[in-house]
Amino acid sequence: MPLRYDTLTFLSDYGRVDEFVGVVHSVVRAISPGIAVVDLTHDIAPHDTRAAGLLLARSVQYLCPGVVLAVVDPGVGGGRRGVAVEVGDGASVLVGPDNGLLAPAVAMCGGATRAVELDNADYQLDSPGPTFAGRDVFAPAAAYLCTGVALTDLGTEVDPAGLLPGVLPVSHVDDNGDLVAEVLWVDRFGNAQLNVDPVEVDALVGDDESVELAFAGGTRVASRSITYEAVGAGAVGLVVDSYGLVSVVADRGSAAGDLGLAAGTEVRLRVVDDEAANGRAAGVSVNIGEPRRRP
Amino acid sequence: MPLRYDTLTFLSDYGRVDEFVGVVHSVVRAISPGIAVVDLTHDIAPHDTRAAGLLLARSVQYLCPGVVLAVVDPGVGGGRRGVAVEVGDGASVLVGPDNGLLAPAVAMCGGATRAVELDNADYQLDSPGPTFAGRDVFAPAAAYLCTGVALTDLGTEVDPAGLLPGVLPVSHVDDNGDLVAEVLWVDRFGNAQLNVDPVEVDALVGDDESVELAFAGGTRVASRSITYEAVGAGAVGLVVDSYGLVSVVADRGSAAGDLGLAAGTEVRLRVVDDEAANGRAAGVSVNIGEPRRRP
Amino acid sequence: MPLRYDTLTFLSDYGRVDEFVGVVHSVVRAISPGIAVVDLTHDIAPHDTRAAGLLLARSVQYLCPGVVLAVVDPGVGGGRRGVAVEVGDGASVLVGPDNGLLAPAVAMCGGATRAVELDNADYQLDSPGPTFAGRDVFAPAAAYLCTGVALTDLGTEVDPAGLLPGVLPVSHVDDNGDLVAEVLWVDRFGNAQLNVDPVEVDALVGDDESVELAFAGGTRVASRSITYEAVGAGAVGLVVDSYGLVSVVADRGSAAGDLGLAAGTEVRLRVVDDEAANGRAAGVSVNIGEPRRRP
């Protein structure tokens, strides 16, 4: 029997230490044996719906069409709804809690065309308690969609406009002309992605090769580079990253570690003040034969 | 050629940093190319057969029928036997070391119907040393079972009654009327599962909405809740968890972290002493105009 | 349509926290839907091409024939080439950066029969930046190879002799007769694999049951054992490990932790000096009635 969707992409904050991910795979396979499951990640920090929503939005253009099962669900069992959100008139469906997690990816796909609340228990597992909706509600819904069960069989149709939106921070230029940005994501290598498009940097500094970064821990001059390598050892650079946004990077080192940046950290970008920069580069100078005195 | 079993579920303490898991996948695929492998977890703490046995017992009702390959094997290469244990008259087979790891799951499946010791080298890989039985003994046995090799071809039949039993801690009520329980498992979110059935709590406290927990670090009153959310911020609750046992939980926080609980920790449940509880809530009182004296 | 290769083995230093691994799986599946992807590991320490090269060389004899996608790429986007290296006259192809990562595995397979630089953009993804070559260059190349695209369609043929070699440390006997070795790898369990063949130990100590190990933190007598168990609690042993090399091990403990060994650490093996060893075992002795004096 051909599948309606043949790829299920799965992300969660379940970690890999407990059996949660494996059990969800088993539940999916029992319902929809032929499906290919692609694990996007399961190491979202517990309950971090913002990070998961951003990760999914970054990834979505590279995913195979099909069903996305996304479970980061601090309110599991409580008032939040479980939903399945169709995009592209059925090209794909995103399944998960209605807590903002799905919203950025849905927006990237052009918005929802239909949505249902997952309230039909016929497509759920019986369970002694309500704390593992990934296994009992979301995985079955995703797997049944793959087999061809209609979206509207999974529950009551709801207005997509009523789904909880994701909150994406927007950069802006302040009264001093600084571009006020925010770290969206620090990756494994310590690269810090900003909510900044390369054209915003062009508008800020023109053809300048460097940009001053101001952050809680101080300021730093970053060179605008194409590659990590071109940044040079010990220095900090700005590259257009693999998602087309501006990232603060180091060559074979962690820029986020060096500068103390984390997801949510504010970073201000501004034109380099050359006089000040020269002063810093020159440091405190002494003349030959004139040892620096103690104060 | 149709497979005898089409799902192989795999758990181990191999971690994901070394190549062990990937090499086992390769060995399985070389023998049984069409098989689907579901990874349950590979991050069992090294040599922790108790945790692995409990994890497998929790999961087993959700697994697809087939072969379970379970390798947590501190005695690898030594005196312990490698075994394949059939359950449900061949519905599934569990493969691993005979060190108690498989026993709780076998019991959950109604007990073993047959078992063999894996002593037929024809279904093993040649190896320079005996330290990676997962690759050389257990994975080939599991994969050959999937292809239709008979259980008894893998080695000498042994009496299932002689397999090493798992040791599951049993709760009991002591002379003071306390329910003496033990933490079976702390999950990623800090929920602490007890070896306690909800009916035991009913029997202990009747309709009371709260239960007193006593543990090495002190005592704490826990509310009996349906969801994490209902516990309320900063408080501790008891829920019926997704496996039907009683878990100590917090809302968007780690109950195990707050209370200092770990797998194996003793927790006593008792009726809340309302007077004592009121006293604690009131704290030590002073009257206006009468500063508390130093002792 | 039958695949030219039906297994793609994937290793990287991407970690599992970000979406990198999942996105590469998606890209591969979009190009070559029927392929089986075996994840060898993704937790190579960031940029550690040596560790990844050794891991791949250890694993390669156990892998299914097909395409190996290996990405540990500190110089991504810079001067290093991306390559596809054919071994066994097309039995398998290794795809990754030309930075020494692939070289030990290629050598294990008898050397390269052909190689190309991945410079044909027709088989790459468009990308806003050059920092995620795993997604944009290497994964598509590997996936297209599986579908039957010819090696030489992926780019310009290059001389395999010009590929960057891997540097494998070689053990040697010094003027004092010590066997000077190096730790190649410390696994999850704390076993420390040396670049030493068992025959080298035979040649050094003959039939002696023990070997003295000298390392930065001191010396230790290790027993030559078949299994971990035979080493005995608290002691250190040498076993022939599952790859046929000599490993320093403990029974249910971490030899590397106890001795302070890490990848790259020098370890010297020598004949046990029995007199010195007896002296150590005896310790400093005192006679009854003669308390040890302070110096």
Side-chain angles (χ1 to χ4, degrees), chain A residues 8 10 12-37 39 41-49 71-80 82 97 99 124-140 143 188, chain B residues 6-11 13 15-16 21 36-45 48 51-52 54-66 68 185-191 193 197-198 225-231 237-247 249 251-254:
Chain A
L8 191 157
F10 179 21
S12 75
D13 65 347
Y14 286 156
R16 297 274 191 167
V17 174
D18 303 308
E19 71 273 21
F20 305 134
V21 170
V23 164
V24 167
H25 275 251
S26 294
V27 167
V28 165
R29 181 167 168 73
I31 295 169
S32 181
I35 198 80
V37 180
D39 293 294
T41 184
H42 299 292
D43 290 311
I44 297 289
H47 308 320
D48 192 344
T49 51
V71 189
V72 178
D73 194 10
V76 62
R80 66 95 193 95
N99 60 10
Q124 300 175 7
L125 303 193
D126 287 333
S127 172
T131 59
F132 192 178
R135 179 192 69 191
D136 301 328
V137 178
F138 298 124
R188 178 178 210 223
Chain B
D6 64 6
T7 306
L8 190 157
T9 302
F10 179 22
L11 84 157
D13 66 347
R16 297 275 190 168
V21 170
V37 181
V38 174
D39 293 294
L40 202 45
T41 184
H42 299 291
D43 290 310
I44 298 289
D48 192 344
L54 290 172
L55 185 151
L56 187 55
R58 287 194 303 269
S59 308
V60 73
Q61 64 176 309
Y62 293 99
L63 301 184
C64 297
V68 173
W185 167 47
V186 173
D187 76 12
R188 177 178 213 225
F189 302 94
N191 305 307
Q193 186 182 58
D197 192 278
S225 303
I226 306 292
T227 67
Y228 302 135
E229 214 169 56
V231 173
L238 291 184
V239 303
V240 180
D241 69 19
S242 58
Y243 295 101
L245 291 178
V246 173
S247 279
V249 307
D251 182 28
R252 303 175 201 221
S254 167

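Below, read A as the first sequence line, B as the second, and so on, with proteins coming before strands; counting in each chain starts at 1.
Using a 4.5 Å cut-off on side-chain heavy atoms (C-beta onward), Trp185(B) and Asp18(A) make contact. Side-chain atoms of Asp6(B) and Arg29(A), non-hydrogen and from C-beta on, do get closer than 4.5 Å to each other. Considering only heavy atoms from C-beta on, Phe132(A) stays 4.5 Å or farther from Tyr62(B) through its side chain.
Residue Thr7(B) touches chain A through both its backbone and its side chain, counting heavy-atom pairs closer than 4.5 Å. Using a 4.5 Å cut-off between heavy atoms, Val37(A) makes no contact with chain B at all. Residue contact with chain A, scored on non-hydrogen atoms closer than 4.5 Å, involves the backbone and the side chain of Val240(B) alike. For Tyr14(A), the parts lying near chain B are the backbone and the side chain together; criterion is any non-hydrogen pair under 4.5 Å. Proximity to chain B involves both the backbone and the side chain of Asp43(A), based on heavy atoms less than 4.5 angstrom apart.
With sequence neighbours excluded, the residues that form a side chain to side chain contact (heavy atoms under 4.5 Å, CB included) with Ile31(A) are Val27(A), Pro140(A), Ala143(A), Tyr144(A), Thr147(A). When the salt bridge (Lys or Arg N to Asp or Glu O under 4.0 Å) test is applied to Arg188(A), no partner is found at least two apart in sequence or on another chain.
Considering all non-hydrogen atoms of both residues, Ser242(B) and Ser127(A) come closest at O-OG, 4.3 Å. Nearest heavy atoms, Ser59(B) versus Glu19(A): OG-CG, 3.2 Å.
In this structure, Arg135(A) satisfies the cation-pi test against Tyr243(B), with its NZ or CZ atom closer than 6.0 Å to the six-membered ring centre and inside 45 degrees of the ring normal.
A distance of 7.5 Å separates CG of Asp251(B) from NE2 of His47(A), quoted to the nearest 0.5 Å.
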Dump the intermediate steps for side chain to side chain contact (heavy atoms under 4.5 Å, CB included) on Leu40(B) and Val23(A), then the final yes or no. CA-CA 7 Å; Leu40(B) 202 45; Val23(A) 164; 4.2 Å; yes
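Within the 3.5 Å criterion, the main-chain N or O of Arg16(A) finds a donor-acceptor partner in the side chain of Thr41(B).
If you tally non-hydrogen atom pairs under 4.5 Å between each of Leu63(B), Asp187(B), Leu11(B) and chain A, the highest count goes to Asp187(B).
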